[in-house]
Amino acid sequence: MIARVTQLFLPTLREAPADAEATNHKLLVRGGFVRQVTGGVWSFLPLGWRVHRKIEQIIREEMDAIGTQEMLMPVLTPFELWQQTGRDFIPEIFRLKDRKGADYVLPLTHEETVAFHARELQSYRQLPQMLYHFSIKERDELRPRAGLIRLREFIMKDAYSFDRDDEALAANFELQRGAYVRIFERCGLETHCVEAEPGMMGGSESFDFLAPAGAGENTLVTCENGDFAADVEIARGVARPPSFPAPLDAPDEVETPGVKTCEALAEFLAIDVAATSKAMPVTTDDGAVVLALVRGDDRIEPAKLDAVLGKPSRPATDDEIRAAFGASGGSLGPVGFAGEVVADESLREGQFVAGANRDDRHLRGVEAGRDFQPRFADLRQSREGDTCPNCGGRLAFETAIEVGHIFKLGTRYSAPLGARFVDEDGQEGAVVMGSYGIGLARVMAALVEQRHDEQGIIWPASVAPYDVHVLALRGAEEVAEQAAEALSAAGKDVLLDDRDQRPGEKFADADLIGIPIRVTAGKKSLEDGAVDFRDRATGEERRVKLTDIGKEG
RNA sequence: CGGGACGUAGCUCAGCCUGGUCAGAGCGCCGCCUUUGGGAGGCGGAAGCCGUCGGUUCGAAUCCGACCGUCCCGACCA
């Protein structure tokens, strides 16, 4: 197949849009792959859609290969289904009414709809089943951002598994996970499968596929020795041990005028900041004030705290703090606090300096168990300098894009929607579900983030919009045409730059668009009947006789 | 939703503080000429309700207000 640039809608730009900051945003717009229509809503232009479809096809093949069946579920969805699972309150849902006043949602994902269909599974004999589709998802995001990374409308591949029990679910879950690994490998995308927070999806267990990238909303933590990878929200790095001052028999109150931060406190008392404790009062959604406690050199990981509390929390207001502690932020501590105290594991051993719950005063020698009774949990955010919990190696932190997420849902959706089956003993039970999602535009964005240089994108061959980019320089149009024909005959998809433009512009566009192989036909070709093959990734160049092109594979 | 920046030609921007031939430049586009292995050059040309609405003023792209939209940080996030 040969596509001629003069006949394509392929608007490349010399400059990136002023408001583009992320690499994927700049290069995909400049290369004529995508255009923004409004905040978080994009069109895929012909070139971008070809890449999208290549990714889609890889996913389709791997889904089919493990027996997942493709179908299609609608975007327009009755609100009632979401009421039945209790997800109707999620603020990101777009809602609308028809002319008769009936309520609909534009779904964020399709658990409700697929569970609705799963009601037709009635016997254990019909299990297991796996279904998937590619469909548009709509999310009323507060803040779309970073090019194609956070969108309000995007195409997701979502798959769903249906099993009779947790054991069978685990088997399908592993099948899906294996397929995901192969999908991202085939796309040429580096990803790490890490344990994740199920969040609003519910369910018991979930894994993220994180692609390290220059832009993204997740932080990937990996061990230098390769035996640990996690999202920072759940990573349990090992902090350096503190150096403690001499222990005290009881807490000793000291005046600390004007000291508001742990760093200032440590300096004031001339001790290791890791031997202080940091108090963060939060208010849960039922109105209780809870004191979260970490080491002075650490930060609370809110996701961990909420997981421990089992409910969402927010920082307490100044008024709430005053009412609960009788002191202001900066001098808060666990001793004498009447509410619940959740302390990080790192505070289990040793004596720390803590706020005295009196303004400008702190307590030295505060010991958990003796001076206050906390609930211990992992609360601290892992950070630079932590070591690996498995081998003690150094941990590395990098921003990453969540390109896939797989969940064990259990009966979270099947139970409320009545997807039940009967087993061989005549016992009725809810179908056990899993769900498995990939954001295709994010895969595309992550690839650009991972594979580009100053000149433009460097697509892996598996998802490149065309296999070969043939440049016809002035005078050598015929040779270019012949080269394109030969490549096409060899089964290649060819983009032929037949524009009447100067060579520099064609080279620049070729580098920008990033097709793996560039073939140039120029004046030299008229003399020796050969063209230049250039590898986009390595820059390696070699001359190939027109007559040998078919053999180039 | 809090903080910040911004909105002038298809794109990147200047002009705004100090209201008055200020509707401007470069790129792109159209025509002609010249040039042709890394975004050339010349001549001519088309193109903008200066985000929207309202106010101040003899007069507003410029000052004031409201609204809308975009981007960044935060909050949020499947």
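Each chain gets a letter, A, B and so on, in the order its sequence line appears, and its residues count up from 1.
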A:H405 and A:F407 aromatic ring geometry - parallel, tilted or perpendicular at 30°/60° bounds | parallel
Parallel, tilted or perpendicular: rings of A:H133 and A:H110 (30°, 60°) | perpendicular
Short N-O contact, A:R139 and A:E153, less than 4.0 angstrom | no
Is it true that A:R499 and A:D497 make a salt bridge, defined as a side-chain N closer than 4.0 Å to a carboxylate O?
-> yes
Nearest whole Å is fine: how far is [N] [atom2] from [X] [atom1]?
X	N	atom1	atom2	result
A:F507	B:G37	CZ	P	9 Å
A:L10	B:G10	CG	C1'	16 Å
A:H469	B:G38	NE2	C1'	14 Å
A:D500	B:C29	CG	C1'	15 Å
A:E21	B:U70	CD	P	17 Å
A:E141	B:C71	CD	P	13 Å
A:E505	B:C27	CD	P	13 Å
A:R139	B:C76	CZ	P	17 Å

B:G37 base / A:R518 side chain donor-acceptor hit below 3.5 Å = no
Polar pair under 3.5 Å, donor/acceptor by atom type, side chain A:R150, base B:C77 = yes
Considering only atom [atom1], compute the distance from [N] to [M] and round it to an integer number of Å.
N	M	atom1	value
B:C16	B:C64	P	14 Å
B:G54	B:C11	P	26 Å
B:A23	B:G69	P	31 Å
B:C71	B:C63	C1'	26 Å
B:A9	B:C50	C1'	10 Å
B:U57	B:A75	C1'	43 Å
B:G15	B:G28	P	24 Å
B:G55	B:U62	C1'	15 Å

Students often get this wrong, so: under 4.0 angstrom with heavy atoms, is [X] touching a base, only sugar-phosphate, or nothing?
X	value
A:E233	nothing
A:A20	nothing
A:K506	nothing
A:R30	base
A:G39	sugar-phosphate
A:P11	nothing
A:A18	sugar-phosphate

Indicate whether OP1 or OP2 belonging to B:C71 is found under 4.0 Å from a side-chain N or O atom of A:Q36.
-> yes
Verify the contact: side-chain N or O of A:T38 to OP1 or OP2 of B:G69, cut-off strictly under 4.0 Å; return yes or no.
-> no
From the set [options], return the single nucleotide nearest to any side-chain atom of [X].
X	options	result
A:D19	B:C71, B:G38, B:C29	B:C71
A:R143	B:A40, B:G74, B:G37	B:G74
A:P503	B:C72, B:U35, B:G37	B:G37
A:E15	B:G26, B:G38, B:G37	B:G26
A:R543	B:G38, B:A40, B:G37	B:G37

Kindly say whether the aromatic ring centers of A:F44 and A:F33 come within a distance under 6.0 Å.
-> no
Validation row, ring centre A:W42 to ring centre A:H25 under 6.0 Å | yes
Under a 3.5 Å limit for both distances, which nucleotide forms a Watson-Crick or G-U wobble pair with [N], could you say?
N	result
B:G2	B:C73
B:C32	B:G42
B:U56	none
B:C49	none
B:C27	B:G10

Assign each of A:M156 and A:A521 the nucleotide of RNA chain B bearing its closest heavy atom; nearer the 5' end lies the nucleotide of A:A521
Between A:G40 and A:R442, just flag the one whose closest nucleotide in RNA chain B comes earlier from the 5' side.
-> A:G40
Hey, does the side chain of A:Y180 reach the backbone of A:Y436 with a donor-acceptor pair shorter than 3.5 angstrom?
-> yes
Assess whether side-chain hydrogen bond (donor to acceptor under 3.5 Å, both in side chains) is satisfied between A:N24 and A:E449, documenting all intermediate values.
-> CA-CA 6 Å; A:N24 77 89; A:E449 293 285 341; 2.8 Å; yes
